[in-house]
Amino acid sequence: MSAPSKITAIRHAVSALHAAADDGAGTRRYAEALQEAAEAIDALVAADEDYDQARDRWLRVPGDHRSFEEAREAWARRAAALARIKGGAA
């Protein structure tokens with residue numbers, strides 16, 4: 001079971017900020033940057049869960065090449081999502 005996260009609270013805060021951002025362009029840009037960050041976090045969490053599931057399938061039957069390939073592809077998606085969070089390339 002995964003640990004509880006603060007992502008839901010972050011998403012609510014971003015939504016509230018976005019709604020209040022009509023008072024200036026700077027605030028709007030900040031709200032949009034936070035929204036982009038929240039989306040990147042969502043993508044990383046999803047990619048990590050996909051990788052965990054793919055890895056578990058492969059580890060149950062290590063000789064299954066298809067499961068191995070799926071785990072490698074999921075690893076690459078997770079690496080790309082993490083790079084997006086870090087602001088770099090995978």
- Report yes if some heavy atom in the side chain of Leu44 is under 4.5 Å from a heavy atom in the side chain of Arg78; otherwise report no. yes
- Message: Can you list everything that forms a side chain to side chain contact (heavy atoms under 4.5 Å, CB included) with Ala54? Sequence neighbours excluded, please.
- Response: Arg57, Ala71, Ala74
- From Trp58 CH2 over to Tyr51 OH, what is the distance, rounded to the nearest 0.5 angstrom? 7.5 Å
- Can you sort out the partners of Arg77 under side-chain hydrogen bond (donor to acceptor under 3.5 Å, both in side chains), two or more places apart, ordered by chain and number? none
- Task: Return the set of residues passing side chain to side chain contact (heavy atoms under 4.5 Å, CB included) with Asp52 (not counting sequence neighbours), or none when no residue passes.
- Result: Asp48, Arg55
Which side-chain N or O atoms in residues 61-69 pair as donor and acceptor under 3.5 Å with protein atoms at least two apart or in another chain?
residue, atom, partner, partner atom, Å
Asp64, OD1, Arg66, N, 3.3
Asp64, OD2, Ser67, OG, 2.6
His65, NE2, Glu69, OE2, 3.2
Arg66, NE, Glu70, OE2, 3.3

- Those residues at least two apart in sequence (or on a different chain) that pass side-chain hydrogen bond (donor to acceptor under 3.5 Å, both in side chains) with Glu36 are none
